[in-house]
Trainee: 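Got a structure for you, written out below as structure tokens; questions coming shortly.
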Amino acid sequence: MEKKEMLYEGKAKQIFASDNEDQLIVHFKDDATAFDGQKKGQIAQKGIINNKISNFFFKLLEEKGIKTHLIKELNERDSLVKKVDIIPLEVVMRNIAAGSIAKRLGLEEGTKLPAPVLEFYYKNDDLGDPLINRSHIEVLELADEEELRILAEMAEEINKILFDFLKNQGIDLVDFKLEFGKNKDGEIILADEISPDTCRFWDSETQQKLDKDRFRRDLGDVEAAYHEMLKRITGQESL
Ligand code: ADP
Ligand code: UDP
């Protein structure tokens, strides 16, 4: 499968056309951004690690009956995926309060939420990805009621699968962001990525942060955290 023209360059990935019009090649970069792109940097080997971790999770989810865009890993930074029309929503699930919910609701970071919290953010860089509710989503025609039901159901199921898997590896799944899209048959499937860039992972024993917060908050040992998550998730000791 050959990479054709680059269709899109985002903050963390590049998207290329492939030989097949229904399939895309995703290339994972080492670039890292935070705070709406105000903070920029590089995390060595992040692209390789995120490609591996995301594909591992997508395969695990497929085995449990969740449809995803993944077709196959092509090489250490590139994966072949089904092309979808991305639903412009960032679907966030939270098990423990951290980041924006802690600030917004005045909760102490680390507070266990009595039940998982589902949030939708409007994927729109010009607006800074605002938090929106179901009424806003329907008014903006980003998704209808039935599609929202499917998104919520899939997000809850994904949370259960990843939470249990990670707990066994000694990791608390604090929160994460998902993106969904519609494939050529109009079916909603999981797209984009699931990685330390898009999740908060805390060591269950020490509560050490093993995700992109180490970059966002200048906590140091950023690369080590990504390597540690690769090991915990896939068992792979080194690249
Ligand atoms: P951003 O656009 O936020 O800077 P990335 O650098 O991760 O993010 O760019 C990847 C882009 O590709 C995102 O906009 C994402 O919505 C989109 N995308 C992910 N998976 C697919 C897919 N299967 N089909 C089409 N677009 C996709
Ligand atoms: N997240 C993401 N992309 C974004 C915003 C958030 O992947 O554009 C993830 C983030 O890594 C965390 C979860 O979504 O796992 C919730 O993020 P939060 O709303 O707390 O935002 P932040 O504190 O990162 O601004």
Side-chain angles (χ1 to χ4, degrees), residues 6-18 20-40 46-47 50-51 54-55 58 67-71 77 79-105 107 109-110 113 116-132 155 159 162 166 171-184 187-202 209-217 225 229:
M6 186 164 76
L7 302 174
Y8 176 81
E9 171 143 31
K11 297 183 282 285
K13 305 191 283 301
Q14 294 168 334
I15 305 286
F16 294 85
S18 72
N20 182 324
E21 62 171 7
D22 298 325
Q23 302 179 353
L24 299 172
I25 294 171
V26 179
H27 174 84
F28 286 76
K29 304 191 285 182
D30 289 345
D31 298 351
T33 63
F35 314 119
D36 286 332
Q38 287 172 48
K39 182 181 167 94
K40 287 196 176 85
K46 171 172 86 76
N50 283 1
N51 188 32
S54 192
N55 290 344
F58 278 33
K67 294 207 170 135
T68 80
H69 74 168
L70 181 65
I71 300 172
R77 285 181 187 270
S79 289
L80 186 67
V81 303
K82 292 173 196 154
K83 182 179 179 172
V84 296
D85 285 329
I86 292 284
I87 298 170
L89 291 173
E90 297 197 338
V91 180
V92 169
M93 286 290 304
R94 302 179 183 272
N95 299 303
I96 296 172
S100 71
I101 197 176
K103 253 195 209 154
R104 186 177 301 114
L105 303 185
L107 297 169
E109 269 212 336
L113 300 165
V117 171
L118 172 66
E119 295 175 341
F120 298 102
Y121 293 81
Y122 184 16
K123 199 172 142 57
N124 182 317
D125 280 340
D126 294 340
L127 300 177
D129 299 343
L131 177 70
I132 56 176
N159 186 37
L162 297 185
L166 286 161
I171 297 291
D172 289 347
L173 178 59
V174 174
D175 57 32
F176 57 96
K177 183 266 299 181
L178 302 171
E179 291 184 28
F180 295 88
K182 286 187 206 164
N183 68 13
K184 64 176 166 37
E187 192 179 13
I188 294 178
I189 64 174
L190 180 67
D192 205 49
E193 68 176 281
I194 303 179
S195 73
D197 273 15
T198 64
C199 304
R200 285 194 169 94
F201 298 128
W202 293 357
K209 294 179 173 46
L210 294 169
D211 56 60
K212 196 174 154 188
D213 270 349
R214 299 207 75 82
F215 168 79
R216 293 189 191 100
R217 302 180 185 190
M229 282 313 301

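In each ligand, atom 1 is the first atom listed, and ligand 1 is the first ligand listed.
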Trainee: Give the atom numbers and elements of ligand 1 that come within less than 4.0 Å of a heavy atom of L24.
Mentor: 24 (N), 25 (C)

Trainee: Counting from 1, what ligand 1 atoms have a heavy atom of V81 closer than 4.0 Å?
Mentor: 23 (N)

Trainee: Give a yes or no on whether atom 25 (O) of ligand 2 lies under 4.0 Å from any heavy atom of the protein.
Mentor: no

Trainee: Can you tell me which residue and heavy atom of the protein come closest to atom 4 (C) of ligand 2, and the distance to 0.1 Å?
Mentor: E90 OE1, 3.4 Å

Trainee: Distance to 0.1 Å, residue and atom name: give those for the protein heavy atom nearest to atom 18 (N) of ligand 1.
Mentor: I86 CD1, 3.7 Å

Trainee: At a 4.0 Å cut-off, with the gap strictly under it, does some heavy atom of V174 reach an atom of ligand 2?
Mentor: no

Trainee: Provide, to 0.1 Å, the distance between atom 11 (O) of ligand 2 and the closest protein heavy atom, together with that atom's residue and name.
Mentor: R216 NH2, 2.9 Å

Trainee: Flag A12 as yes when one of its N or O atoms lies below 3.5 Å from any N or O atom of ligand 1, and as no otherwise.
Mentor: yes

Trainee: Could you tell me the residue and atom name of the protein heavy atom closest to atom 20 (N) of ligand 1, and the distance to it rounded to 0.1 Å?
Mentor: D192 N, 3.2 Å

Trainee: Is it the case that ligand 2 has an N or O less than 3.5 angstrom from some N or O of S100?
Mentor: yes

Trainee: Among D172, D213, D211, which residue satisfies the side chain to side chain donor-acceptor pair (under 3.5 Å) criterion with R200?
Mentor: D213

Trainee: Any heavy atom of A98 closer to ligand 2 than 4.0 angstrom?
Mentor: yes

Trainee: Would you mind running through ligand 1 and noting each atom that sits below 4.0 Å from a heavy atom of I15?
Mentor: 12 (O)

Trainee: Considering only protein heavy atoms, which is closest to atom 7 (O) of ligand 1, and at what distance to one decimal place?
Mentor: K13 NZ, 2.5 Å

Trainee: Looking only at protein heavy atoms, which one is nearest to atom 12 (C) of ligand 2, and how far off is it?
Mentor: D175 OD1, 3.1 Å

Trainee: Around atom 3 (N) of ligand 2, find the nearest protein heavy atom and jot down its residue, atom name and distance.
Mentor: K177 CE, 3.6 Å

Trainee: Which of the atoms of ligand 1 are close to E179, meaning less than 4.0 Å from one of its heavy atoms?
Mentor: 15 (C), 16 (O)

Trainee: Based purely on interatomic distance, does H69 place a nitrogen or oxygen under 3.5 Å from a nitrogen or oxygen of ligand 1?
Mentor: yes

Trainee: Nearest protein heavy-atom contact for atom 14 (O) of ligand 1: which residue, which atom, what distance?
Mentor: K123 NZ, 3.5 Å

Trainee: Give the residue and atom name of whichever protein heavy atom lies nearest to atom 3 (O) of ligand 1, and the separation in Å to one decimal.
Mentor: K11 NZ, 3.4 Å

Trainee: Using heavy atoms and a 4.0 Å limit, tell me yes or no: is Q14 in contact with ligand 1?
Mentor: no

Trainee: Show the atoms of ligand 2 that are less than 4.0 angstrom away from any heavy atom in F176.
Mentor: 15 (O)

Trainee: Could a heavy atom of R94 be found less than 4.0 Å from some atom of ligand 2?
Mentor: yes

Trainee: Could you identify the single nearest non-hydrogen protein atom to atom 22 (C) of ligand 1 and state the distance to 0.1 Å?
Mentor: V84 CG2, 3.5 Å

Trainee: Could you find the nearest protein heavy atom to atom 17 (O) of ligand 2 and give me its residue, atom name and distance?
Mentor: R200 NH1, 3.6 Å

Trainee: Per the side chain to side chain donor-acceptor pair (under 3.5 Å) rule, which among D197, D192, D129 passes with K177?
Mentor: D192

Trainee: For ligand 1, is there an N or O atom under 3.5 Å from any N or O atom of K83?
Mentor: no

Trainee: Tell me which protein heavy atom sits closest to atom 1 (P) of ligand 1, plus the residue, atom name and distance to 0.1 Å.
Mentor: Y8 OH, 3.7 Å

Trainee: So if I count the atoms of ligand 2 from 1 in the order they appear, which ones are less than 4.0 Å from some heavy atom of G99?
Mentor: 20 (O), 23 (O)

Trainee: Under 4.0 Å, counting heavy atoms only: does K212 come that close to any atom of ligand 2?
Mentor: no

Trainee: Parallel, tilted or perpendicular: which fits the ring planes of F58 and H69, with parallel below 30° and perpendicular above 60°?
Mentor: tilted

